Amino acid sequence: MTTTENPTRRITTAKAMAEAIGLEMQADPNVFVMGEDVGAYGGIFGSTTDLFAEFGADRVIDTPISETGFIGAGIGAAVEGLRPVVELMFVDFYGVCMDQISNHMAKIHYESGGAVKVPMVLMAATGGGYSDAAQHSQCLWGTFAHLPGMKVVVPSNPYDAKGLMASAIQDDNPVIYLFHKGAQGLVWMEKNPRSIADVPEEAFTVPIGEAAIAREGSDVSIVTLSLSVQHSLDVAEQLEGEGISVEVVDLRSLVPLDRQTVLESVAKTGKLLVVDEDYKSFGLSGEIAAVVAETDPTMLTKPVSRLAVPDVPIPYARTLEYAILPTREKIAAAVKDLMA
Amino acid sequence: MTSLDRLAMYTEMVRIRQYETRILQEYHGDKTPAWDIGAGLIPGEMHLSAGQEPAAVGVCAHLKKGDAITAPHRPHHFALAHGVDMNAMTAEIYGRTTGLCKGKGGHMHLFDPENHFSCSGIIAQGYPVACGQALAMKRKGTDNVTVAVAGEGAANQGAFHESLNLAAVWNLPVIFVIEDNDWAISVPREASTANTSNADRAAGYGIPGVRVEDNDVEAVFEAAGAAVDRARSGEGPSLIEVHTLRLLGHFEGDAQAYRPDLETVDERDPIPRYAASLMEAGELTEAQADDIKAAADAEVDAAIQFAVDSPIPTPEDALQHVFA
């Protein structure tokens, strides 16, 4: 659907991210990008596609492989009033730079009693499914969300990827922006069709902290995020034919968490399945269960069901990896268990 | 360097020393007889910089409005020498709402955006932030510079090396300052660092490195002047290591049983030494020295009084300022 006044076209999630960054760079000279291979390469996962050609090396800056150095530099630039968009190539690399992220980026505003702002976006690729194994396949959004002081956004589709990126750049707080490699629409990964969609050409925002009802339903609520939203929508379509009406809640951000939308959905369906590609214990799936338990556990007609990575590192061999990922088959089976 | 420069540096060193001497008294004053680090008007760890004044004063003499400093856990000397308001800083150390950070930061986490001053309590992690501030200054087209400070123990951290490389490859206006006070808490320098001079490490990144011996404020002034000029004129970063002196423990409560040089620390104190040298040169009289000390004490008295008279945060304040 395209009109001359509000044109849209089908683009990938990766392109949508890059487009949002480019529009913000056009609007605000304080916005710039840095990270490993964000320049001529365009980001290993396409998040900075074509930005180098448009803005040049002065505003799309390739960094040394030095994550503590350049994430810290992003923080320093942000406290001086710039708006850096910094890419940590794989979220798994957090281990070499977590002090800058947690002890500096996320704490400076609070430590300073509100005197210093850190308007910075730290984007990173997450997720598995393509045999990249234990050090290149994690999601880890629960880890960042657990630590106070940073917003955490996790888009599942091209439209939200563009709108959330614009919001993240405009936000005066540090925002962790986690995009799933399998939802980027990359030509060199498994094709998940929902990773290419209509997106307006113009600039727009999606507010941070508002979940979306990705699909309405009445029997079971799936609360999920990122690539698992795409899988859950596939499952919901399939189960509709079997007479099961599935509602899919796309959280879109963990911090702030839209508890109200979760509660309204569960109040309607009485059944909750949390699908999370992050580790199961001490994380998002337990948090969602707690939101319901702390509010009114009697709204549940069945115990909460959680489908998440069962507390093992992500294995390499395809059979092993798919044994622990929340696949469409496992999501469908979990929904049917709740309906039994 | 003029006699006015020398007198100003002496005055600033005395001002810092009188401040910390008073903080030391106040800190311990209400923690006895059963010493409890969390008790009293000034709770928590206290890392004093007495003896290290030459590094801060010699460097900050070259700084101007808009220049930034990232300081480590031992920040008072650089904060005061850089113009951070003594009242607001003291109120922060006392955990009051009038403090720089409304009582949320404390003495290791002083933030003063007006003076582009910040601290990090994590060793060497202020260096990368300093690179980013310098990047911002460069992008804005100013001739401002950033000074990144940490102790010699920090020079073995990855963040130090990443920052030197980043500043060098991006030609950033940063002056990296290492305060070598011989001790990383209780570990002597020779047990932690193979190289006898951290200034030599600058060569590994293709930038100038200078080591200043003897805790001499005038030598620091000369070295810092060259480094600041270089940074301001777009020629990139420099590294200065100052061999300085920790007169007190790593933190208050540190009995320093590990330290064999305690008997000689007083004779190595840089402030009486500098006073004697200025007097010998006819640039300072006993009467002037007394006046300088008295003026410092009066300012410190007022700052302590301001802090003590300031409101204590309410419990509800703990939930504020997570997000802007």
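From a predicted model like this one, the values you see are computed outputs, not experimental measurements.
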Check: Tyr110(A) main-chain N/O paired with Lys104(B) side-chain donor or acceptor under 3.5 Å: no
When rounded to the nearest 0.5 angstrom, what distance separates CH2 in Trp170(B) from CZ in Phe70(A)? 8.0 Å
Part of residues 53-69 of chain A lying next to chain B, heavy-atom separation under 4.5 Å: Asp58(A), Arg59(A), Ile61(A), Asp62(A), Thr63(A), Pro64(A), Ser66(A), Glu67(A), Thr68(A), Gly69(A)
For residues Val129(B) and Gln100(A), determine if any side-chain heavy atom of one lies less than 4.5 Å from a side-chain heavy atom of the other. yes
Is the closest side-chain heavy-atom distance between Arg139(B) and Phe32(A) below 4.5 Å? yes
Greatest number of non-hydrogen atom pairs under 4.5 angstrom with chain B, of Ala115(A), Pro84(A), Cys97(A), Gly81(A), falls to Ala115(A)
Can you tell me if NZ on Lys102(B) sees more than 12 non-hydrogen neighbours from other groups inside 6.0 Å? yes
Asn165(B) versus chain A, heavy atoms under 4.5 Å apart: side chain, backbone, both or neither? side chain
What part of His109(A) lies closer than 4.5 angstrom to a heavy atom of chain B: side chain, backbone, both or neither? both
For Gln135(A), look at atom CD and say whether over 12 heavy atoms of other residues, nucleotides or ligands are found less than 6.0 Å away. no
Main-chain N/O of Ala324(B) paired with Asn173(A) side-chain donor or acceptor, under 3.5 Å: yes
Roughly how far apart are His104(A) NE2 and Ile122(B) CD1, rounded to 0.5 Å? 6.0 Å
To check you understand the geometry: which heavy-atom pair defines the closest contact between Leu166(B) and Ala73(A), and what is its length? CD2-CB, 4.0 Å
Under 4.5 Å from any heavy atom of chain B - which part of Met34(A): side chain
Verify the neighbour count for atom NE2 of His136(A): are there more than 12 heavy atoms of other residues, nucleotides or ligands below 6.0 Å? yes
Taking all non-hydrogen atoms of both residues into account, name the closest pair between Glu80(A) and Ala136(B) and its distance. CB-CB, 3.5 Å
Rounded to the nearest 0.5 Å, what's the gap from OG1 on Thr70(B) to CD1 on Ile75(A)? Could you check? 12.0 Å
Distance (rounded to the nearest 0.5 Å) between Ser120(B) OG and Glu111(A) CD: 7.5 Å
side-chain contact (heavy atoms from CB on, under 4.5 Å) assessment of Ile108(A) paired with His109(B): CA-CA 9 Å; Ile108(A) 285 174; His109(B) 312 103; over 6 Å; no
Which portion of Lys151(A) sits near chain B, non-hydrogen atoms under 4.5 angstrom: both
Segment of Glu114(B) engaging chain A (4.5 angstrom heavy-atom cut-off): neither
Quick one: pull up CG in Leu100(B) and OG in Ser112(A) and give me the separation to the nearest 0.5 Å. 10.0 Å
So which part of Asn103(A) gets closer than 4.5 Å to some heavy atom of chain B, the side chain, the backbone, both or neither? side chain
Contacting region of Ala318(B) [heavy-atom separation from chain A under 4.5 Å]: both
By a 4.5 Å heavy-atom criterion (distance strictly below it), what part of Val255(A) contacts chain B: side chain, backbone, both, or neither? side chain
